[in-house]
Each structure stands twice: as structure tokens, then as C-alpha cells.
Amino acid sequence: MSERPQNDDPDPTDASDEQAEAATGLPRAPGPDRAEDIPSPDLAVIEAGSRTLRAQAGPPQGDGVPARPADPEVDRALRAVEEELAGRWGETKLDPSVQRIVALLDILGTPQRAYPAIHITGTNGKTSTARMIEALLAAFDLRTGRYTSPHVQSVTERISLDGSPISAERFIETYRDIAPYVEMVDAQQEYRLSFFEVLTAMAFAAFADAPVDVAVVEVGMGGTWDATNVIDGSVAVVTPIALDHTDRLGDTPEQIAVEKSGIIKKDATVVLAQQPVDAASVLLKRAVEVDATVAREGMEFGVLSREVAVGGQMLTLRGLGGEYPEIFLPLYGAYQAHNAAVALAAVEAFFGVGSDHARTLDIETIRTAFAAVASPGRMEVVRRSPTVVLDAAHNPAGARAAAEAVTEAFGFSRLVGVVGASADKDVRGFLEAFEPIFAEVVVTRNSSHRAMDADALAAVAVEVFGAERVQVEPRLDDALEAAITLAEEEGEFSGAGVLVTGSVITVGEARLLLGRG
């Protein structure tokens with residue numbers, strides 16, 4: 001049995017490798033010449049699990065980012081699972097297939113068919129939208145399971161029950177329960193199950209075991225051949241499509257939409273965020289082919305009004321059943337308002353609003369749910385004096401949304417950027433989106449082997465910002481200190497701030513260094 005396909009590409013692994021690192025806090029399995037990929041011990045403190053699950057359904061509480069287990073034995077066991085997951089390769093570009101995950105789930109008794117699901121794809125906004133959908137469903141007393149990727153700090157964030165990450169103990173138990181079956185499938189298939197496939201099976205098994213009333217499932221990458229695409233989502237959600245993972249999905253929104261449209265199943269309802277015209281055409285064509293019902297942002301639902309408020313924004317949303325005024329959303333940026341509209345429409349569609357009957361959902365329940373939403377690492381304030389904001393934007397579209405949001409919500413007199421990006425991203429386009437708002441930028445790198453070298457990133461940054469506005473600090477902790485020092489030069493009451501961005505991994509590690517989690 002091969003570990004992975006062989007070809008002329010010296011590193012044929014795809015973005016799943018970055019997801020593997022995010023899943024475990026460890027790089028992908030080192031080969032004979034990859035000793036440099038083994039992380040230092042202080043960077044292994046990425047994962048954890050909360051110790052209890054809420055007894056009753058309701059809106060999620062807190063930010064959902066747990067710390068390492070307090071029990072040393074549990075911590076050691078969790079690290080052992082992390083290491084086993086890190087030893088698996090990501091799916092390669094030569095073998096985009098759901099064959100392996102189907103084989104595993106069949107042996108497990110098809111747990112993914114034990115509950116209805118809302119399936120989410122898109123380029124940006126998937127995790128925030130999933131968290132909003134989860135909060136809304138829970139507010140209506142449904143027990144929820146949520147599967148998202150990548151996480152900010154802890155692998156257990158990816159699998160949530162009732163709005164909270166499963167405990168480290170339960171994560172370990174779930175892995176051990178399915179491990180013998182994983183080995184059976186490994187032995188039968190040409191290539192071993194990837195880390196993402198194993199995590200997906202764990203999530204579906206945990207949801208069936210709970211059991212949940214509904215699963216909210218985010219695609220890892222793409223759609224058609226993503227490991228999550230073994231579920232039949234009664235509601236398919238497509239958040240805004242932009243250019244990302246172009247080496248795997250295509251280099252136009254239209255091509256990317258073809259891949260993502262694969263989650264739209266027969267007789268489902270598809271909820272479409274605002275899309276580029278060519279992407280929208282592809283998605284609508286797919287909906288017609290499978291006889292799916294379509295709800296489009298700007299047509300059947302949308303944002304009627306929004307105002308910046310203390311700690312977030314106040315919205316009036318138009319759903320499939322009518323208007324929902326005075327919705328407080330404790331998240332920043334116009335894009336989060338649009339995510340909220342998409343989430344509301346998805347939940348309405350799940351309950352049959354707009355098709356079986358025309359009415360609004362209970363407005364007070366909707367308000368309570370949205371007011372409880374948190375989205376760690378998305379325009380998240382983690383320090384004051386000076387204010388430090390984290391945002392996991394990692395492509396030009398995400399950067400433009402983040403730049404608009406931070407300008408609108410904070411109005412900094414001077415903003416210093418800390419950027420650590422992956423080498424396979426459109427780094428120039430990303431930096432150009434921030435150039436108008438960053439007074440200076442400190443370029444750095446995170447612990448991932450996919451991270452762009454700090455000097456190489458600096459070379460691009462100098463072309464965009466000019467040498468006088470660029471500082472290089474290869475270590476993230478030094479970069480944070482340098483940026484905070486630059487912001488403090490303006491004085492205590494200057495209104496200067498720091499924005500840390502470029503990668504989910506960069507944001508997660510910065511969050512730890514700044515004392516969160």
C-alpha cells in the first residue's frame with residue numbers, strides 16, 4: 001500500500017497539508033530530509049478540549065477556544081492522537097476522491113445518515129456562517145453538531161456539540177473507537193486515509209453517538225470531492241466565492257464554482273451569498289440540474305440596514321419569511337452582516353420557511369442567538385492599550401474585507417500590520433489590499449513548513465509598501481513586540497493599533513502568545 005501517489009511534483013500534497021498542521025499543531029509527516037519540520041515544544045500547545053458538554057441546548061457561550069487539558073494523562077493521550085493524525089498525508093492532487101471516506105463510513109454504519117445536515121462551502125466566511133447557523137438552531141432547542149476547519153488553536157474546536165468543542169477525553173475516545181476501522185480501510189485502499197478524512201469520520205461518528213438533531217458541516221476545500229461531501233445536506237450554503245487554492249480548484253471564479261457546486265444535492269435548498277456573475281451562473285445551473293430550490297442574497301433575502309454599534313453592529317435583515325429588525329451582532333464588518341443574512345436564510349430554509357409556509361421565526365429567539373455569536377480569530381480584539389486585533393484573512397478577497405472592517409469599526413489613527421502568510425497564496429494581492437491602511441508592516445512567519453520565508457515576504461512587502469514602511473522579524477513573538485512598540489510610539493491616547501493577519505496558523509499562534517487560550 002502506498003503512502004501517497006508518486007509523480008514528478010516534488011511535493012504533490014495539497015492544501016490539506018496546511019489543514020493537517022492546523023489540525024494538530026504539527027507539520028505533516030517528516031520524511032528523511034524533513035527534520036526541520038518538527039516543531040519546537042512551545043508551539044505544541046495549540047490543542048485542547050473543554051472538559052464538559054452543556055447539558056441542554058441553547059446559544060453557544062464563550063469563544064469556543066479551549067485550553068490544553070489540565071490532567072497530564074489526558075494531555076499526553078491527546079498529544080499521542082495528534083501525532084498519529086500528523087503522520088497522515090493530505091489528499092493529493094492526483095487522487096481527489098471520496099472513495100476512502102465512503103469505505104470508512106460504510107464500515108462504521110453510515111453515521112452521517114443519522115441526522116439532517118446543513119452543508120457549507122465557499123471561499124471566505126464559512127466558519128463564521130457555520131457558527132451563526134449553529135447558534136440559531138441551538139436557540140430553537142435543537143441539539144447541534146458543528147464540523148469546521150481549520151481551527152484557531154485547538155484541534156477539538158473542529159468538532160463541536162451544542163456549541164462547545166468536544167472534550168479532549170471525548171476526542172481521544174472517538175479516535176480510539178474508529179482507529180481499528182481506519183486501519184482496515186488503510187489496508188484495503190491504494191492510499192491511506194488522510195488526516196482530514198479521519199477527522200471527518202470522527203465528527204460524523206461523534207454526532208451520531210450524541211445524538212444530534214442537526215449537523216452543520218463546513219467543506220474543507222472545494223466541494224465535489226471533499227471528504228464532507230458524503231452527506232446529503234437538505235440545505236446547501238455557498239458563501240462568497242473568490243480566488244483561492246487556484247492550483248487545485250481553478251483560476252477563475254467560474255471554475256472554482258464548478259467544484260463547489262458539487263455539494264448541491266437533489267431536492268435540496270441552496271442558499272447563495274452574493275457571487276461573481278460567472279460563479280452564480282454555474283451554481284444556478286447546478287441547482288436546476290438537481291431540481292434544488294434557490295434562495296439568493298439580494299433577491300430572496302439580504303441585509304436591509306446596518307449600523308456600527310459598540311462591540312459590533314445593529315442589523316435589519318430580510319429573511320425568506322419577512323423582516324427581522326434590531327438584530328445585534330457582536331462581530332465587526334459588513335461581510336459579517338452578509339454572513340448573518342446567509343445564516344438566517346439557511347436556518348429558515350431548514351425549518352421550511354419560504355417553501356412550506358411564509359412566516360418569520362420568533363424575533364426574540366433570533367436576537368438572542370445572534371447576540372451570543374463568537375468567531376475567534378475573525379476581527380477579534382485580544383488586547384487593549386494598544387488595541388491588538390486578530391483576523392485570519394489569507395487571500396486578497398479576505399484582506400479587502402478585513403481592511404474595510406477594521407477601518408469602519410476601529411478608526412485607528414495609525415495601524416501597524418503583522419503579517420505571516422503561506423507561500424502558496426497570492427501574497428502580493430493580499431498585501432496590496434492592506435497597503436492603504438497600514439502605516440507600517442512587520443513581516444514574519446509562523447511555525448508551518450508552508451509559511452513563506454520572512455525575507456521573501458519582506459521583498460514583496462517592500463515592493464508594495466516601500467522599504468521605510470517594512471520591518472522584518474522572523475520570529476512571531478518578536479514581530480508582535482515590534483508592532484506593539486511601534487503603536488506605543490504614538491502615545492497612550494493616540495488611537496494606534498495592531499492588526500495580526502495572513503494565516504489562520506499565524507492568528508492562532510499569536511492568540512497563544514498574547515495570552516488567549
Undergrad: What heavy-atom pair brings Val219 and Ser149 nearest, and what distance separates the two atoms?
TA: O-OG, 4.2 Å
Undergrad: Checking the side chain of His119 only, and the main-chain atoms of Ala117 only, is there a donor and an acceptor separated by less than 3.5 Å?
TA: no
Undergrad: Examine the side chains of His338 and Gln274 and answer whether a donor and an acceptor come within less than 3.5 Å of each other.
TA: no
Undergrad: Should Ile118 and Leu137 be marked as a side-chain contact (heavy atoms from CB on, under 4.5 Å) after you check the CA-CA gap, both sets of side-chain angles, and the distance that decides it?
TA: CA-CA 11 Å; Ile118 296 176; Leu137 293 169; 4.1 Å; yes
Undergrad: Would Glu435 and Arg469 pass as an ion pair if we require N to O under 4.0 Å?
TA: yes
Undergrad: Can you list everything that forms a ring-ring contact (aromatic ring centres under 6.0 Å, His included) with Phe370? Sequence neighbours excluded, please.
TA: none
Undergrad: Mind running side-chain contact (heavy atoms from CB on, under 4.5 Å) on Val282 and Lys285 for me, showing each step along the way?
TA: CA-CA 5 Å; Val282 170; Lys285 180 181 178 182; 5.8 Å; no
Undergrad: Check Val470, Val441, Leu457 against Val462 for a side-chain contact (heavy atoms from CB on, under 4.5 Å) and give me the one that passes.
TA: Val470
Undergrad: Do the non-hydrogen side-chain atoms of Glu259 and Trp225 ever get within less than 4.5 Å of each other?
TA: yes
Undergrad: Would you say that Glu82 contacts Phe195 through its side chain, given a criterion of any heavy-atom pair below 4.5 Å between the two side chains?
TA: no
Undergrad: Please round to the nearest 0.5 Å and tell me the distance separating atom CZ of Arg383 and atom CG of Leu390.
TA: 12.0 Å
Undergrad: Could you tell me whether the side chain of Val507 reaches within less than 4.5 Å of the side chain of Glu380, counting heavy atoms only?
TA: no
Undergrad: Pairing donors with acceptors under 3.5 angstrom, does anything connect the side chains of Glu218 and Thr228?
TA: no
Undergrad: Please identify each residue that fulfils side chain to side chain donor-acceptor pair (under 3.5 Å) with Ser128, with sequence neighbours left out.
TA: Gln336, Ser375
Undergrad: Let me see the working for Met132 and Asn339 under side-chain contact (heavy atoms from CB on, under 4.5 Å), right down to the final yes or no.
TA: CA-CA 8 Å; Met132 293 179 197; Asn339 289 341; 3.9 Å; yes
Undergrad: Any side-chain heavy-atom pair from Ile437 and Val406 closer than 4.5 angstrom?
TA: yes
Undergrad: Compare all side-chain heavy atoms of Phe434 with those of Val464 and state whether any distance is below 4.5 angstrom.
TA: no
Undergrad: Is it true that the side chains of Arg146 and Thr148 contain a donor and an acceptor less than 3.5 Å apart?
TA: yes
Undergrad: I'd like to check Phe412 versus Val498 (side-chain heavy atoms, cut-off strictly below 4.5 Å). Are they in contact?
TA: no
Undergrad: Can you name the nearest heavy-atom pair linking Ala433 to Arg400, along with the distance?
TA: CB-CG, 3.7 Å
Undergrad: Counting the benzene-type ring for Trp, do Tyr332 and Phe410 have ring centres under 6.0 Å apart?
TA: yes
Undergrad: Donor-acceptor pairs under 3.5 angstrom involving side-chain atoms of residues 299-313: please list them, not counting sequence neighbours.
TA:
from, atom 1, to, atom 2, distance (Å)
Glu300, OE1, Arg296, N, 2.8
Glu300, OE1, Arg296, NE, 3.1
Glu300, OE2, Arg296, NH2, 2.6
Ser305, OG, Thr316, OG1, 3.3
Arg306, NE, Gln313, OE1, 2.9
Arg306, NH1, Glu408, OE2, 3.0
Arg306, NH2, Gln313, OE1, 3.1
Arg306, NH2, Glu408, OE1, 2.6
Arg306, NH2, Glu408, OE2, 3.3
Gln313, NE2, Leu331, O, 2.9
Gln313, NE2, Gly333, O, 2.9

Undergrad: Under the side-chain hydrogen bond (donor to acceptor under 3.5 Å, both in side chains) criterion, do Thr129 and Arg131 qualify, and how do the steps go?
TA: CA-CA 5 Å; Thr129 302; Arg131 284 176 168 269; over 6 Å; no
Undergrad: Can you measure from CG (Leu344) to CD1 (Ile133) and round to the nearest 0.5 angstrom?
TA: 10.0 Å
Undergrad: Would you say Arg367's side chain and Tyr324's backbone share a donor-acceptor pair under 3.5 angstrom?
TA: no
Undergrad: Could you tell me the separation between the CG atom of Asn395 and the OG atom of Ser503, rounded to the nearest 0.5 Å?
TA: 11.5 Å
Undergrad: Start with the C-alpha gap between Val443 and Gln471, add the side-chain angles, then the distance that decides, and say whether side-chain contact (heavy atoms from CB on, under 4.5 Å) holds.
TA: CA-CA 6 Å; Val443 297; Gln471 183 171 334; over 6 Å; no
Undergrad: Answer yes or no: is there a donor N or O on one side and an acceptor on the other, between the side chain of Glu157 and the main chain of Val152, under 3.5 Å?
TA: yes
Undergrad: Could you tell me whether the side chain of Glu348 and the main chain of Gly321 form a donor-acceptor pair under 3.5 Å?
TA: yes
Undergrad: Applying side-chain hydrogen bond (donor to acceptor under 3.5 Å, both in side chains), which residue pairs with at least one partner in residues 232-242 are found, sequence neighbours left out?
TA: Arg113-Asp232
Undergrad: Can you check whether Asp391's main-chain N or O pairs, donor with acceptor, with Thr501's side chain at less than 3.5 Å?
TA: yes
Undergrad: By side chain to side chain donor-acceptor pair (under 3.5 Å), which residues pair with Glu432, not counting sequence neighbours?
TA: none
Undergrad: Looking at Glu197, is its backbone amide N or carbonyl O close enough to the side chain of Ser194 to form a donor-acceptor pair, meaning the two atoms are under 3.5 Å apart?
TA: yes
Undergrad: Nearest heavy-atom pair of Arg414 and Ala439: which atoms, and what distance?
TA: CG-CB, 3.7 Å
Undergrad: Return the minimal non-hydrogen interatomic distance between Asn229 and Thr224, and the atom names on each side.
TA: ND2-O, 3.0 Å
Undergrad: For Asp477, give me all partners under side chain to side chain donor-acceptor pair (under 3.5 Å), at least two apart in sequence or on another chain.
TA: Arg475
Undergrad: What closest approach, in Å, do Asp426 and Pro396 show between heavy atoms, and which atom pair accounts for it?
TA: OD2-CG, 3.5 Å
Undergrad: Can a donor-acceptor pair be found, under 3.5 Å and without considering hydrogens, that links the side chain of Arg286 to the backbone of Ile264?
TA: yes
Undergrad: Nearest 0.5 Å please: distance from the CZ atom of Arg445 over to the OG atom of Ser422.
TA: 9.5 Å
Undergrad: Looking only at heavy atoms, which two atoms of Pro376 and Arg511 are closest? And how far apart?
TA: CB-NH2, 4.1 Å
Undergrad: Can you tell me if Lys260 uses its side chain to pair, donor with acceptor, with the backbone of Ile256 under 3.5 Å?
TA: no
Undergrad: Where do Arg318 and Glu323 land on the salt bridge (charged side-chain N to carboxylate O under 4.0 Å, His left out) test, with the steps shown first?
TA: CA-CA 4 Å; Arg318 177 161 58 87; Glu323 291 189 13; over 6 Å; no
Undergrad: Looking only at atom types and distance, does a side-chain atom of Asp226 sit under 3.5 Å from a main-chain N or O of Met221, one as donor and one as acceptor?
TA: yes
Undergrad: CG/Leu513 to OG1/Thr506 distance, rounded to the nearest 0.5 angstrom?
TA: 11.0 Å
Undergrad: What I'd like to find out is whether the side chain of Phe438 reaches to under 4.5 Å of the side chain of Val416, using heavy atoms alone.
TA: no
Undergrad: Please answer whether the main-chain N or O of Val238 pairs with a side-chain N or O of Lys126 as donor and acceptor at a distance below 3.5 Å.
TA: no
Undergrad: Check whether any side-chain heavy atom of Pro116 lies under 4.5 Å from a side-chain heavy atom of Phe350, and answer yes or no.
TA: yes
Undergrad: Rounded to the nearest 0.5 Å, how far does CG of Leu486 lie from CD of Glu481?
TA: 11.0 Å
